[in-house]
Each structure stands twice: as structure tokens, then as C-alpha cells.
Amino acid sequence: MAYKILIIDDDAELLKMLKKYLGMKGYEIITAEDGLEGLNKIKLGPDIILLDVNMPNIDGMEVCRRIRDKVACPILFLTALVDEQDVVNGLSSGGDDYILKPFSLKELDARITAHLKREIRRKGKTECCFQGELSVDYRAKTVQIHTDYLELTRLEYGIVEFLSMNPGMVFDKERIYEKVCGYDAEGDSRVITEMIRRIRKKFRQFTETEYIETVWGMGYRWIK
């Protein structure tokens, strides 16, 4: 299955060129001509995002700040800015890399390849999560506290898996529902609140440690 690249840039000619070049490399290309359109297309689940910094209405850094808690994929800034503070600001907003305009298409392709390979290595090594007395085995799909295995439903386990694989990141109910149940699932994201309540109740049978934190007005996160 081809990797998905979301390119957000207000330069229509650059979008056309990148879509053609990267498409020839075997990638599935999704494009957005401004920040708002880019925010709407995050739901398509890109594997990597190329994000222009200078865009009208919502600039790239603001887009990055808004999506960083919703996506774990690499974000590469495309920019003509060369000031050191601009680079610092971009990385502080959640970006993973910077490539300066004008850039070589071969260099861009190499950067994309390097980040995707790094993601593969990271995910390949993530087979278990050990945190205090709790362990999550992602291959066996089990959750254990001390020597006791928790009896979780498929959806309850899915929530634990998703949050524990993204510790410290805040996700709203809608994002958790989409990730665990699928984008096309029919139902109500409000069930996430009830499932997390049940997960906490099952955890408390074996430990006083809180692993899932409620961030009021925003959602939930796995406590590091």
C-alpha cells in the first residue's frame, strides 16, 4: 500500500509539480491550497505532511500547532525563511524537519524516505509498553497489571493501545472514536467517555495509579 503524503501549500504550481514528481515515486498524494483545507484533510490519515510556512489566513506554524495533538506522523516544513529563530519556532510548534525553498526534488525525496523509514523502525520496536506495574503487549493485545490480566473488550483495549502508543498527546473523543472504530463507523463518539470510565474502573481493581488523564475541554491523554 502506497504511503500517503499530504502537501499543504498555497503555491498552486509547486503543488502541481510535487504531486507529479512524488506520484511518480509511488506515493499517494493529497493536496491542500491553504491551512483550512489542510486541517480538513488531516482525517484522510497521511503518513507524512509537507507544510508550507507562509500561507494566508492560517500560517503553517499555526496549522502544525493545531494538528500536532491529532497526528503522530512526521511534519516537514517547506519554507523560504532562513532565520534561526524561525527554525526554532517551527520545531517548537511540533515540526520534525525543515527544508528551505528553493529545494532539490531529490533532497526532498531523500528527506521523506528517511522520515518514513524512521517511523517504520519506531513502530517495529514498539511491541510492548512497560510503565510501572502495567504492561501492554501490542502483539498479543493484552494488558497486564502485576501478574493479573485485565478483561477488556476489543474497543476498550483499542483505546488503551492508541493512547499508550502516543503518551502525553491529547486526543478528543472524536479522534479516539475514529482511530478505534474507524472513520466510517456508525455511532456516537460520546461512548468513548463511558468506555474510558469502564477502563479506569478495571484498572482500579489492581492499582491506584492513574494512566489515563482527562484534559478538561480537550480530551484524554496517557500519562507518561
Side-chain angles (χ1 to χ4, degrees), residues 4 6 8 30 32 34-49 51 57-58 60-75 93-96 119 122-123 126 128-129 131-132 134-145 149-224:
K4 292 182 185 178
L6 171 58
I8 308 173
I30 306 163
D34 58 49
L36 285 175
E37 185 182 1
L39 291 172
N40 289 330
K41 290 189 174 180
I42 292 299
K43 63 184 179 182
L44 298 176
D47 297 294
I48 192 167
I49 298 170
L51 179 58
N57 300 321
I58 303 178
M61 292 187 189
E62 178 60 25
V63 171
C64 187
R65 281 189 285 268
R66 292 191 188 187
I67 67 175
R68 185 72 282 182
D69 288 340
K70 301 178 184 295
V71 299
C73 72
I75 298 175
S93 69
D96 296 284
E119 283 295 288
R122 181 183 67 82
K123 291 178 180 178
T126 307
C128 293
C129 166
Q131 192 169 344
L134 178 140
S135 65
V136 184
D137 187 326
Y138 299 125
R139 287 195 172 183
K141 296 190 179 301
T142 59
V143 179
Q144 185 176 354
I145 297 178
Y149 287 92
L150 274 66
E151 294 184 4
L152 301 176
T153 67
R154 181 182 66 83
L155 293 181
E156 288 169 357
Y157 170 79
I159 292 172
V160 172
E161 179 182 272
F162 176 57
L163 293 178
S164 65
M165 291 186 77
N166 298 279
M169 297 178 65
V170 180
F171 298 98
D172 58 28
K173 295 191 298 291
E174 289 73 20
R175 172 62 172 157
I176 296 172
Y177 185 83
E178 289 171 354
K179 190 66 179 178
V180 175
C181 301
Y183 288 111
D184 299 324
E186 295 183 1
D188 193 328
S189 64
R190 286 177 293 184
V191 301
I192 296 298
T193 301
E194 172 59 20
M195 284 194 282
I196 288 179
R197 186 193 67 79
R198 292 187 340 221
I199 291 168
R200 285 170 168 161
K201 183 177 179 180
K202 291 178 180 181
F203 276 20
R204 291 189 187 115
Q205 293 176 355
F206 304 100
T207 180
E208 295 297 320
T209 304
E210 292 289 337
Y211 290 97
I212 300 176
E213 178 184 15
T214 300
V215 182
W216 297 108
M218 298 178 67
Y220 302 95
R221 69 178 161 206
W222 191 267
I223 301 172
K224 293 183 178 181

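The figures here come from the full heavy-atom set of this structure, side chains too, leaving out hydrogens, waters and symmetry mates.
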- Query: Would you say T193 and K173 make side-chain contact, with heavy atoms under 4.5 Å?
  - Reply: yes

- Query: Taking atom types as modelled, is there a side-chain donor on E213 or W222 under 3.5 Å from an acceptor on the other?
  - Reply: no

- From R197 atom CZ to E156 atom CD, the distance as rounded to the nearest 0.5 Å: 10.0 Å

- Task: Evaluate the ring planes of F162 and F171, with Trp represented by its six-membered ring, and classify them as parallel (under 30°), tilted (30 to 60°) or perpendicular (over 60°).
- Result: tilted

- Supply the atom-to-atom distance I196 CD1 to R198 CZ, rounded to the nearest 0.5 angstrom. 11.0 Å

- Query: Are more than 12 heavy atoms from other residues, nucleotides or ligands located less than 6.0 Å from atom CD of E151?
  - Reply: no

- Item | Validation row: C64, I75 side chains within 4.5 angstrom (heavy atoms) | yes

- Report the C-alpha separation of Y157 and T142 in whole Å, then their side-chain angles, then the decisive distance to 0.1 Å, and conclude whether the side chain to side chain donor-acceptor pair (under 3.5 Å) test is met. CA-CA 8 Å; Y157 170 79; T142 59; over 6 Å; no

- Pairwise side-chain contact, R200 with Y211, heavy-atom cut-off 4.5 Å (strictly under): no

- Message: A side-chain contact here means heavy atoms from C-beta on lying under 4.5 Å apart; do N57 and D34 qualify?
- Response: no

- Query: Is the shortest distance from a Lys or Arg side-chain nitrogen in K141 or E161 to a carboxylate oxygen in the other one below 4.0 Å?
  - Reply: yes

- Query: Side chains of L51 and M61: does their closest heavy-atom pair fall under 4.5 Å?
  - Reply: no

- Task: Measure from the side-chain N and O atoms of N166 to the backbone N and O of M169, and report whether any donor-acceptor pair falls under 3.5 Å.
- Result: no

- So CD1 of I192 and CD of E178: to nearest 0.5 Å the spacing works out to 10.0 Å

- Compare all side-chain heavy atoms of F203 with those of V143 and state whether any distance is below 4.5 angstrom. yes

- Query: Are any non-hydrogen side-chain atoms of I159 and I199 less than 4.5 angstrom apart?
  - Reply: yes

- Item | Check: I212 and L163 side chains under 4.5 Å, non-hydrogen atoms | yes

- Item | Donor-acceptor pair, side chain of K4 and main chain of I30, under 3.5 angstrom | no

- Item | Those residues that, when tested against T207, pass side-chain hydrogen bond (donor to acceptor under 3.5 Å, both in side chains) (two or more places apart) | E133, T209

